[in-house]
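Shown next, in structure tokens, is the structure this report addresses.
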Amino acid sequence: SMPDQQFVKEHGIDLISLDDLFRKSDYISLHCPLMAQTRGMVNKEKLSLMKSDASIVNTARGGLIVESDLIDALKSGSIASAGLDVFEQEPISPDNPLTGLDNVILTPHMAGNDHMSRKTMSLGAASNIIELHKGAWPEGSVVNDELKGRWTW
């Protein structure tokens with residue numbers, strides 16, 4: 001989908017292509033869902049655009065990065081480092097080559113496990129239960145019409 005042009009204008013945001021983002025950035029942090037359009041979006045081609053002193057961080061979804069391509073880039077020094085909280089296969093296998101690299105930090109898919117995130121998720125879940133009890137679908141829920149038709153209040 002296209003960016004909200006009004007938001008872009010109000011906040012003075014410069015929109016650039018994904019290739020330019022990879023070429024110019026010192027740090028890239030991924031924050032997008034895993035969908036057909038985003039699966040493997042960080043691959044050999046995109047990694048080759050990065051500066052040799054650049055780093056990439058992924059706390060979103062493991063499938064966004066082609067791990068074998070990232071491993072090659074980290075081993076060759078074509079990028080400086082990576083920080084990964086998510087992996088193509090979870091839990092990560094102890095023999096995954098990422099575990100032996102000095103220029104990568106690995107955490108066990110825990111980026112949303114801080115005090116504020118847990119509080120926000122708990123309040124959101126409670127709010128959704130209240131809305132459903134009132135007979136309303138919670139705001140922002142994604143439910144198809146077939147499921148709505150089968151739901152009994």
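Predicted, not measured: the structure shown is a model, and the values here were computed from it. The analysis underlying the following values was restricted to heavy atoms, covering all of them including side chains, and did not include hydrogens, waters or symmetry mates.
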*Step through the shown structure and confirm whether more than 12 heavy atoms of other residues, nucleotides or ligands are within 6.0 Å of CD on Q5.*
yes

_Nearest non-hydrogen partners of P3 and V8, listed with the distance_ = CB-CG2, 4.1 Å

*At their closest point, which heavy atom of N58 faces which heavy atom of G62, and how far apart are they?*
ND2-CA, 4.1 Å

*Would you confirm whether E90, through its side chain, and F87, through its main-chain N or O, come within 3.5 Å as a donor-acceptor pair?*
yes

*Joint hydrophobic cluster, V86 plus I92, side-chain heavy atoms closer than 4.5 Å*: no

*Within residues 26-35 or reaching into it, pairs that qualify as side chain to side chain donor-acceptor pair (under 3.5 Å) - sequence neighbours excluded*: D26-K51, S29-H31

*asked:* Would the distance check show the side chain of S17 and the main-chain N or O of D20 forming a donor-acceptor pair, the cut-off being under 3.5 Å?
replied: yes

*More than 12 non-hydrogen atoms from neighbouring residues, nucleotides or ligands closer than 6.0 Å to CZ on R39, yes or no?*
no

*Using atom types as modelled and distance alone, determine if a side-chain donor or acceptor of T99 lies under 3.5 Å from a backbone N or O of D95.*
no

*Atom pair CD1 (I105) and CG (D85), whose distance is rounded to the nearest 0.5 Å*: 11.5 Å

_From CA spacing to verdict: salt bridge (charged side-chain N to carboxylate O under 4.0 Å, His left out), K46, D69_ = CA-CA 10 Å; K46 295 293 188 244; D69 293 349; over 6 Å; no

*asked:* Hydrophobic clustering (ILVMFWY, side-chain heavy atoms < 4.5 Å, transitive) - are I71 and V66 grouped together?
replied: no

*Rounded to the nearest 0.5 Å, what's the gap from CE on M41 to CZ on R61? Could you check?*
14.5 Å

*According to a 4.5 Å side-chain heavy-atom criterion applied to Ile, Leu, Val, Met, Phe, Trp and Tyr, with indirect links allowed, do L18 and I13 form part of one hydrophobic cluster?*
no

*Taking S127 for the side chain and L123 for the main chain, is one N or O donor matched with an acceptor at less than 3.5 Å?*
no

*asked:* For E67 and N96: C-alpha separation, side-chain torsions, deciding distance, then whether side-chain hydrogen bond (donor to acceptor under 3.5 Å, both in side chains) applies.
replied: CA-CA 10 Å; E67 275 184 18; N96 184 311; 3.0 Å; yes

*Would you name the heavy atoms of C32 and A60 that are closest together and state the gap between them?*
O-CB, 3.5 Å

*For atom NE2 of H11, decide whether the heavy atoms of other residues, nucleotides or ligands shown that lie under 6.0 angstrom number more than 12.*
yes

*When rounded to the nearest 0.5 angstrom, what distance separates CD1 in I56 from CE in M50?*
5.0 Å

*Report the distance from atom CG of N128 to atom NE2 of H133, rounding to the nearest 0.5 Å.*
14.5 Å

_Measuring from atom CG of L47 to atom CG of D72, what distance do you get when rounded to the nearest 0.5 angstrom?_
9.5 Å

_Any donor-acceptor N/O pair, S78 side chain to S52 backbone, under 3.5 Å_ = no

*Are V104 and V57 in one and the same hydrophobic cluster, where Ile, Leu, Val, Met, Phe, Trp and Tyr link if side-chain heavy atoms are under 4.5 Å apart?*
no

_Donor-acceptor contact present, side-chain N103 to main-chain A80, <3.5 Å_ = yes

*Between CG of N43 and CG of L70, what distance do you get to the nearest 0.5 Å?*
11.0 Å

_Hphob cluster co-occupancy, L49 + L21, side-chain heavy atoms under 4.5 angstrom_ = yes

